[in-house]
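Read the structure below first, then the notes.
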2 protein chains.
Amino acid sequence: MPRPPASDTASRRELILDASEHLFATQGFASTTIKQIGEHAGVNSALLYYYFADKDTLYREMLQRLIRQMISFGMGALDVAEPPDQRLEGFVRRQAGFVFEHPNLPKLMVREMTDHEGARAEAIITELAATMFRGLCELIREGQRAKLFRADLRPEFAAISTISQVAYFAIARPAVGILLGHKRGHLPATTVTDFAEHAAKFALAALAPARSGASRRKAS
Amino acid sequence: MPRPPASDTASRRELILDASEHLFATQGFASTTIKQIGEHAGVNSALLYYYFADKDTLYREMLQRLIRQMISFGMGALDVAEPPDQRLEGFVRRQAGFVFEHPNLPKLMVREMTDHEGARAEAIITELAATMFRGLCELIREGQRAKLFRADLRPEFAAISTISQVAYFAIARPAVGILLGHKRGHLPATTVTDFAEHAAKFALAALAPARSGASRRKAS
DNA sequence: GTCTATACGGGGATAGAC
DNA sequence: GTCTATCCCCGTATAGAC
């Protein structure tokens, strides 16, 4: 029974995926070398070719693993029994939580877009469209039917605007720090949570009916 | 495709910058080779080393040229004699116009963020912060003082939320196409302009006072 | 399964002719 | 200023020992 040393519970394969996720995210596909990944994972670089056909296959498997995680996490905020406005607020918070706990995700997604026009991630994005994005659009439609949200916004566009705030903040984080007047690279942790709260509020305000008769609890 | 043989007007140097802008934006720094740039520019690749010290210097000069263009363009929407809400709407439209006419810009900015945490673009982003971003924040503050905008949003955060919509749409364009249910890569041109209009409306709705009636806000 | 050693090609950069 | 030719490193991927 081939058992790795007690120190690493994770299989070598998982270690390789972990290391490649980090390196591909921070350096990009082309700049990351097989040898670097092996070094980071603590295995010999030739071993990568035992588990994965080539560099590209390794990349795809890594990406798929990560996005699956995000989808299951994001759906958790949509599948709850709460009114649409609360669910939307919860979704934005949850999006922020995930993105800032997994900074690799926005980086990798963005690289996909710019490097290949999303070609390598098409299947995954389609999955995303059918689950999380569709759920968010439905939520907005539901709020519109309930007169909680204004009806003169296209739900899909409103969904993109909602998502975009936290997504952009995460992607452009280094620039955001500078824009907000901080020293390079060091954005206080409170700013991040503050912005998540702001983003939820901003989206809800934009969606609120022009005549603000509708119920706005939030008496905290 | 290579440019036509050196038309007298554009210097070889400019041709090289043009080609590198396109290639760095679409392929990234590491994946773009000196030889490709030379080919695209219609000059011999060794000539790049006559005009630029090395690949990195070429990259920086290219980036600086592009961002200067954007700043001067963006400021045009802020320096007009109109009420804040109209100026904000104009700004978003102009941002969209520039970004979709210069698709290289969002790609390069995003690469900067992910590749080097913005390190190579720090000076330029600082410039951006001091001009365009500051202008946008001022605009929002002015609207707040004039009671046109709600006062319980941090101007800097509201500015980021405003910018983020179009920026994210441009960055994630391939994914956005899929999310909206189109065939891969082919987002109708009308969708782009429609979204720009939506983004301006969304931001103005979010900034609109909750209800001008005398309801006093709780201090939070 | 995991390692050592190496082939093979490609890319950045330089020398030097014109 | 612009080109031809070339050096040399480094990265992917494979062969094969253990």
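Worth saying up front: this structure is predicted, and the values here are computed from it rather than measured. We name chains A, B, ... by the order of the sequence lines, and we start the count at 1 in each one.
- Following rounding to the nearest Å, B/L47 (CG) and C/dA17 (P) show an atom-to-atom distance of 18 Å.
- Contact check of residues 27-46 of chain A against DNA chain C (heavy atom, cut-off under 4.0 Å) returns A/V43, A/N44, A/A46.
- In this model, the phosphate group of C/dG1 is not approached by any side-chain N or O of A/R12 to a distance below 4.0 Å at OP1 or OP2.
- The list of side-chain hydrogen bond (donor to acceptor under 3.5 Å, both in side chains) pairs with a residue in residues 50-74 of chain A, not counting sequence neighbours, reads A/R13-A/E61, A/E14-A/R65, A/D18-A/R65, A/E21-A/R65, A/D54-A/T57, A/D56-A/R60, A/D56-A/R120, A/Y59-A/E112, A/R68-A/E127.
- No donor-acceptor distance shorter than 3.5 angstrom exists from the side chain of A/S31 to the backbone of A/G28, with no hydrogens or angles considered.
- Between the side chain of B/S20 and the main chain of B/I16, a donor-acceptor pair closer than 3.5 Å is present.
- A/R93 contributes no side-chain N or O that, together with a main-chain N or O of A/L88, makes up a donor-acceptor pair within less than 3.5 Å.
- Aromatic ring orientation, A/F98 versus A/H102: parallel (interplanar angle below 30°, classes split at 30° and 60°).
- Ion pairing between a basic and an acidic side chain is recognised when a charged N comes within 4.0 Å of a carboxylate O; A/E89 and A/K201 show no such pairing.
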Go through it in stages, so that I can follow the logic: the residues are A/Q165 and B/S161, the test is side chain to side chain donor-acceptor pair (under 3.5 Å), and I'd like the CA-CA distance, side-chain angles, deciding distance and then a yes or no. CA-CA 5 Å; A/Q165 299 177 78; B/S161 290; 2.6 Å; yes
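- Scanning residues 48-59 of chain B for heavy-atom distances under 4.0 Å to DNA chain C yields B/Y49, B/D54, B/K55.
- Using a distance-only test at 3.5 Å, with no hydrogens or angles considered, no donor-acceptor pair links the side chain of A/R12 to the main chain of A/L48.
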